[in-house]
2 protein chains.
Amino acid sequence: MSLPPLKSLQYFMHAAHLGSFKLAAEQLFVTQAAISQQIRALEAHLGCELFIRETRKVKLTRQGEQLLPHVLGAFSQFEAGIKALKQDPSPNTLNLSVLPSFAACWLLPKIDDFQKKHNDIKLRIDPSDQLVDFEQGEADLGIRFGQGNYQDLHSELLGGDQMLLVYKQGMLEENKPLKAQLFDHQLIMDVCPDAQRAWQLLFDELLIQPAQQPSFLEIDNAALVVQAVLSGQGIGMLRRRLIEPQLVHQQLHVWQGFELMCEYKYYLVGPEHHFSWPKVDAFKSWLQSHFCEFV
Amino acid sequence: MSLPPLKSLQYFMHAAHLGSFKLAAEQLFVTQAAISQQIRALEAHLGCELFIRETRKVKLTRQGEQLLPHVLGAFSQFEAGIKALKQDPSPNTLNLSVLPSFAACWLLPKIDDFQKKHNDIKLRIDPSDQLVDFEQGEADLGIRFGQGNYQDLHSELLGGDQMLLVYKQGMLEENKPLKAQLFDHQLIMDVCPDAQRAWQLLFDELLIQPAQQPSFLEIDNAALVVQAVLSGQGIGMLRRRLIEPQLVHQQLHVWQGFELMCEYKYYLVGPEHHFSWPKVDAFKSWLQSHFCEFV
DNA sequence: CCTATACTTTAGTTTTTCTTAATTATATGT
DNA sequence: ACATATAATTAAGAAAAACTAAAGTATAGG
């Protein structure tokens with residue numbers, strides 16, 4: 001037995017519920033004619049009339065009354081199925097996809113605070129340079145540093161950052177001019193657009209010609225740059241948020257005459273519907289409160 | 001929350017059940033590509049993958065597994081609803097729409113036999129010249145005298161009939177020629193094509209010229225013609241089946257030299273699905289057995 | 001490594017569905 | 001009683017959805 005066109009059943013449901021083709025048409029954003037035709041097609045398919053057409057309204061025939069509950073039930077089952085898909089499959093585990101350097105320098109030092117406040121939520125942190133495939137359930141949420149334009153994903157701005165010239169105690173002398181001191185040290189470049197812009201801006205400010213510019217030790221991971229600067233390997237250009245702990249404990253110093261706002265910002269990223277999950281909301285709030293504290 | 005295209009859910013159901021797009025395509029009489037596209041559209045709409053594509057087969061993801069039972073349930077509810085429509089709303093009452101003359105002359109004299117054999121089935125006989133609207137549930141079944149071509153309805157041939165020249169005892173004398181006697185009596189015409197044809201044929205056989213032909217008492221109801229002939233009002237041209245009881249009891253006589261097969265026949269008529277109802281089947285069998293007995 | 005199989009992709013066609021506009025029917029107000 | 005307004009219907013063309021055909025991709029199995 002072949003089913004009637006499914007759309008006609010949907011229209012039937014609305015029209016029956018509202019007792020009017022006109023209202024059903026409005027609710028479904030189509031014309032009256034579309035409803036009329038679909039209902040007629042359904043009636044033709046079933047071989048019986050479903051509505052008694054009165055002048056201002058329509059009402060169900062015995063057959064219509066009989067059919068309606070089934071159709072209602074079927075559609076609500078579709079909805080239930082789809083709703084179930086959007087629900088959190090593991091509400092007690094939060095899978096985070098975070099950039100390795102941000103994870104190492106910012107998130108891990110603070111994460112015990114989140115664990116303390118939400119000890120019912122197990123955390124799994126997946127450090128990765130690329131955004132994972134959320135559809136596969138590989139992660140619940142991502143923290144990204146970028147421009148906020150993430151295909152098909154919801155994103156919420158967490159905050160910006162600044163590029164700072166960072167060195168270890170004793171490497172630079174604050175009273176002497178920077179330009180001269182710069183050439184005495186290895187310069188360490190984090191390979192990222194903002195770092196490159198920052199170095200270039202610094203050279204411009206110090207009137208260092210392109211030809212004179214010193215070469216860099218390039219490291220493709222900000223966390224390692226932090227390590228390198230910490231261990232006295234040279235001078236780095238780093239984001240403030242990545243060296244917060246070291247600034248607080250005065251393990252690193254910032255050259256006071258220079259700073260540059262990053263073009264990129266931090267975003268919390270994930271499929272729209274993930275943001276209604278309690279565990280995600282908890283993490284988002286925690287994250288936001290920590291982003292406010294800007295050293 | 002908007003539902004996905006319903007057709008894609010249908011395809012999903014088949015593909016999931018068969019574990020193969022190819023087989024689903026065959027089952028649904030479409031190409032593989034159609035299935036692939038619909039599934040893809042569904043996945044896009046839901047924002048998650050439903051199948052893991054392996055080389056020779058596909059299998060459901062966790063989400064697919066979660067969705068399937070709901071979709072299955074919804075579709076079976078549609079089917080249940082539609083099936084319920086085709087069921088007999090009152091299996092203990094048989095509503096018959098019958099031509100008034102056939103009801104009076106043939107059906108009513110025999111109907112007690114049916115009642116006796118099926119005392120669980122209440123009968124309602126609706127004598128009407130026009131076929132009722134079956135869609136409105138006005139009747140379960142109709143008995144018609146015609147050509148069997150009933151729009152959108154199933155019909156089963158019951159049998160034919162003959163037109164006979166009928167008179168009351170003593171009105172005609174079998175030994176004398178008919179032609180002479182005919183002009184001594186009132187002729188009664190049942191207004192129907194077969195009766196008109198029969199009279200015309202009789203006149204032709206008796207070589208009565210159109211100009212000579214006597215005029216008729218026209219009665220637009222065969223049952224009344226029977227009454228008129230019975231009460232000696234004149235000579236009638238009637239269908240054999242309508243005067244069976246009177247022939248058996250010799251209340252009426254048939255002129256032996258004449259008969260004509262009717263062009264019309266008797267049909268049992270109704271919507272296709274009514275014929276699977278037990279009460280209809282019972283009546284059909286009873287009717288057929290009584291149509292075999294042809295006096 | 002080749003072949004056969006099953007899914008995917010794309011472009012173009014077919015089918016279905018929808019809209020517009022004219023039509024019918026009837027309840028409601030004048 | 002008559003005009004008016006509302007709601008459903010119908011028909012024809014327009015738009016959208018679904019499908020096919022054909023070429024592509026990937027991989028299990030000989």
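Hydrogens, waters and symmetry mates play no part in the numbers below; they use all other heavy atoms, side chains included. Order of the sequence lines sets the chain letters (A, B, ...), proteins ahead of strands, with each chain counted from 1.
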**Student:** Heavy-atom count around B:H17 NE2 within 6.0 Å, excluding the residue itself: above 12?
**Tutor:**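 Not buried by this count: 12 neighbours or fewer within 6.0 Å.
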**Student:** Does a side-chain N-to-carboxylate-O contact under 4.0 Å join A:E79 and A:K86?
**Tutor:** no
**Student:** Over how many whole Å does the gap from B:L28 atom CG to D:dC19 atom P extend?
**Tutor:**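 Answer to the nearest Å: 9 Å.
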**Student:** Categorize B:F51 for me: base, sugar-phosphate, or nothing, with a 4.0 angstrom heavy-atom threshold over every strand shown.
**Tutor:**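 No contact.
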**Student:** Please report the distance, rounded to the nearest Å, between CG in B:L6 and P in D:dA17.
**Tutor:**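 Taking atom P of D:dA17 as the reference, CG of B:L6 is at 13 Å.
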**Student:** Nearest whole angstrom, please: distance from the P of D:dA8 to the CG of A:L50.
**Tutor:**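 One finds 15 Å between P of D:dA8 and CG of A:L50, rounded.
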**Student:** Any donor-acceptor pair under 3.5 Å linking the side-chain atoms of B:D161 with those of B:Y266?
**Tutor:**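 B:Y266 vs B:D161: donor-acceptor pair found between side chains.
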**Student:** If you check every side-chain atom of B:V30, which of D:dT20, D:dA28, C:dC18 has the closest atom?
**Tutor:** D:dT20
**Student:** Short question: side chain of B:S20, backbone of B:K22 - any donor-acceptor pair under 3.5 Å?
**Tutor:**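 Answer holds: yes.
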**Student:** Are A:E65 and A:R62 close enough for a salt bridge, meaning some N to O gap below 4.0 Å?
**Tutor:** no
**Student:** Hey, which of these two, A:L23 or A:K7, hits DNA chain D nearer its 5' end, going by closest nucleotide?
**Tutor:** A:L23
**Student:** Please report the distance, rounded to the nearest Å, between CD1 in B:I52 and C1' in D:dA26.
**Tutor:** 17 Å
**Student:** Heavy-atom nearest nucleotide on DNA chain D for A:K22 versus B:F29: which residue maps closer to 5'?
**Tutor:** A:K22
**Student:** Using whole Å, report how far CD of B:E43 lies from C1' of C:dT9.
**Tutor:**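 My rounded result for the distance is 15 Å.
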**Student:** Classify the nucleic acid contact of B:R53 as base, sugar-phosphate or nothing, counting any heavy atom under 4.0 Å across all strands shown.
**Tutor:**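 Counting heavy atoms under 4.0 Å across all strands, the contact made by B:R53 is with sugar-phosphate only.
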**Student:** By a strict heavy-atom criterion of less than 4.0 Å, which residues belonging to residues 31-40 of chain A are in contact with DNA chain C?
**Tutor:**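 DNA chain C contact set from residues 31-40 of chain A: A:T31, A:A33, A:A34, A:Q37, A:Q38.
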**Student:** Distance check needed: D:dT20 C1' versus B:Y11 OH, whole Å only.
**Tutor:**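 The answer, rounded to whole Å, is 12 Å.
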**Student:** Classify the side-chain pair B:R144/B:S97 by whether it contains a donor and acceptor separated by less than 3.5 Å.
**Tutor:** yes
**Student:** At what distance, to the nearest 0.5 angstrom, does CZ of B:F12 lie from CG of B:L60?
**Tutor:**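 Here the rounded value is 5.0 Å.
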